[in-house]
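Structure first, then comments.
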Amino acid sequence: MATTEGLEAIETILESEAPHLLEKKIQTRRVGLPELPNLNGEKPVLRFAPNPNGPLSFGHSRGLVINAQYANDHDGVLILRFDDTDTTVKPPMLEAYESIPREQEWLCGYPAHRIVIASERMDLYHEHARKMLAGGFGYVCTCPAEDFKEHRVGMTECPCRANSVEDNLDGWKRMNDPEGYQPGDAVLRVKTDMTLKNPALRDWPAARIQTNAHPRVGNKWRVWPLLDFQSAVEDHLQGVTHIIRGKDLMDSTRKQTLLYSHFGWEYPETIYWGRVKVHEFGGFSTSQMKKDIAEGLFDDWNDPRLPTLSALSRRGIKSEALRSFWIELGLTQKDIAVPLSTLYSHNTKSIESTAPRLAFIRNAVPLVITGDVERSGNIASHPSEDLGVRSFSFEEGVWVESQDSGKPVRLKDLCDVDADGNVESIERSDKRPIIHWVAGGSPATLRTAEGQNLKLEEGILETHQLPVGTIVQLERIGYAIIEEEGLLMVHD
RNA sequence: GCUCGUAUAGUGUAGUGGCCCAUCAUGAAGCCCUCUCGAGGCUUCGACCCGGGUUCAAAUCCCGGUACGAGCACCA
């Protein structure tokens, strides 16, 4: 038709028959996070569940930011849950129960609506373990780990699987009895199907015996649930509607879904994100950091070289920057490597307008200024915001960086000088480089965290009355935070 | 080995069949600036993993390949 009668004819027909087909859709770029699936107008219940074996770090912040943002956007509930059921491999750290809620509030901008501590809810997990045994969809397995691995790989059932409900209930008693099974002797398993395609799902373990004292509840309990069981039961009890987590936990979802169908529960919506690597942070783990601090490699959890939230905060990284950083990365399942400069650019946006300018001269050399120029005065602390003024006086000499000396330059906000320091013009007269300078000032050290090293740079800092904790912009260098003992670089 | 997942500029990201010779940010380069090479403004650069298929039409759906990642713990 288009060839015989032309496009206009088609347009005319469409206009009268179906005008909506002619409307141009306007391309819109989605901002913020994608819509939460299957919300159906309900208020979502989300949770973030760290192991309190140390303070929160950069790696935790993604889960916290995303969950908190969704909860906030939809007037929902954010649960902060301590998954502290392991006393052996990654034992809980008592201080973390205090620091994590504090760090969570700093990062998210509001406190979690509910705090749940798994070790205080052990009776509920035991209750569900008994229900599982009584319902015949769980069993006590006394096979050595290596033997069970063979069953898992070979798709064969272990002998314990055939035990009666009575046998299992008895086995459960013996697991809980200090005189009975010892750690490693027996484990509670969820009965799934040994011929399942995915080997990870075959009769997975739900609880084991641990005799190490728990820092909060001591030796009150002997049988402790594993993550997949504890988390699954707790999510149901708390009415969690959406689980957002790393895709390394995909098999957990599948395991837990099998458990949910045994119990007759409905599994929450699940969303995953991929792995994020920040090259500059290297391969830090909570347990590794703990070890390094103990060995004196780092001062403490606030050491500026560490990627903990407390260290990041001390270094002048704002929680808003962390939030917009993660929200921009979104929820793709891709494994990504992000440079720290991306986070820094978000941070620049949140600190730029409130950071007073200050000059810091590294490799300082004196500059003798001759000629007609004001020997003292005031300069604005910020080029566009009203952050007051800083004053200078030539009485104690003028310093510039050695790389800037010996050539015609413009002293920023002051005057043009020639290579020898003779004043040539008060107004900017040509395109010569603009440099920063200090009149008077005092010695200071600028510390920069560079990976696992701490770089120290001596220099002369402009005199100022700014309080400790102020984030300043060192002209032509970058942002730094004023500390008791000098300057700590934020980023450039 | 088995299972699962992902593939858009240097780095991230938008995009669910026609708005797309593809969005935005970051980065790099350059320009501007009564004044920061590192602040701000502007400009430019740069991508749909490969091969088939479905369709009038595919970055978008299907199949195969490749690459990368994850799980297969009595850790979380």
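So you know, we letter chains A, B, ... as the sequences are listed, proteins then strands, and number each from 1.
At the heavy-atom level, A:K277 lies nowhere under 4.0 Å from the strands shown. Contacts of A:Q333 with the nucleic acid, taken as non-hydrogen atoms under 4.0 Å apart, involve only primed sugar atoms and P, OP1 or OP2. Contact annotation for A:R30: backbone-only contact, meaning every heavy-atom pair under 4.0 Å involves sugar-phosphate atoms and none involves a base.
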For A:D84 and A:R216, what are the C-alpha separation, side-chain angles and deciding distance, and is it a salt bridge (Lys or Arg N to Asp or Glu O under 4.0 Å)?
CA-CA 10 Å; A:D84 58 345; A:R216 284 181 76 96; 5.0 Å; no
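Note on A:R432 versus A:D416: salt bridge recorded, some NZ/NE/NH1/NH2 to OD/OE distance being below 4.0 Å. Between A:D235 and A:R47, at least one side-chain nitrogen of the basic residue sits less than 4.0 Å from a carboxylate oxygen of the acidic one, meeting the salt-bridge criterion. Ion pair A:R62/A:E328 not flagged as a salt bridge, since none of the NZ, NE, NH1 or NH2 atoms sits closer than 4.0 Å to an Asp/Glu carboxylate oxygen. Between A:R390 and A:E462, at least one side-chain nitrogen of the basic residue sits less than 4.0 Å from a carboxylate oxygen of the acidic one, meeting the salt-bridge criterion.
The residue among A:K334 and A:P339 whose nearest nucleotide of RNA chain B lies closer to the 5′ end is A:K334. Each of A:A337 and A:R357 has a nearest nucleotide on RNA chain B; the 5'-most of these lies closest to A:A337.
Taking atom P on both B:rU55 and B:rG15, the two are 28 Å apart, rounded to the nearest angstrom. Look at the P atom in both B:rA39 and B:rA28: the space between them is 10 Å, to the nearest Å. B:rC32 and B:rC37 have their P atoms separated by 13 Å, with the value rounded to a whole Å. Here, B:rC24 and B:rA9 have their C1' atoms 13 Å apart, quoted to the whole Å. Straight-line distance between the C1' atoms of B:rC61 and B:rG27: roughly 34 Å, to the nearest whole Å.
Contact between the side-chain N/O atoms of A:K412 and the OP1/OP2 oxygens of B:rA39 is not found at any separation under 4.0 Å.
Distance, A:H436 NE2 to B:rC37 P: 10 Å, rounded to whole Å.
Comparing B:rC4, B:rU26, B:rC35 by their nearest atom to the side chain of A:K197 picks out B:rC4. For A:L329, whose side chain is taken as the heavy atoms from C-beta onward, the closest listed nucleotide among B:rG5, B:rG38, B:rG12 is B:rG12.
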In B/S/- notation (B base, S sugar-phosphate only, - none; protein heavy atoms under 4.0 Å), nucleotides 70-76 of chain B written 5' to 3' is SBBSBBB
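Remark: aromatic rings of A:F82 and A:Y97 are close, center separation under 6.0 Å.
Note on ring orientation: taking the six-membered ring where Trp is involved, the planes of A:H126 and A:W221 are tilted (angle from 30° to 60°).
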Which dot-bracket notation, 5' to 3', represents the base pairing of RNA chain B when pairs are defined as Watson-Crick or G-U with both distances under 3.5 Å, crossing pairs as [ ], and inter-strand pairs as |?
(((((((..(((.....[.....)))((((((.......))))))...(((((..]....))))))))))))....
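Donor-acceptor pairing under 3.5 Å, judged by distance alone, is present between the side chain of A:Q473 and the base of B:rU36.
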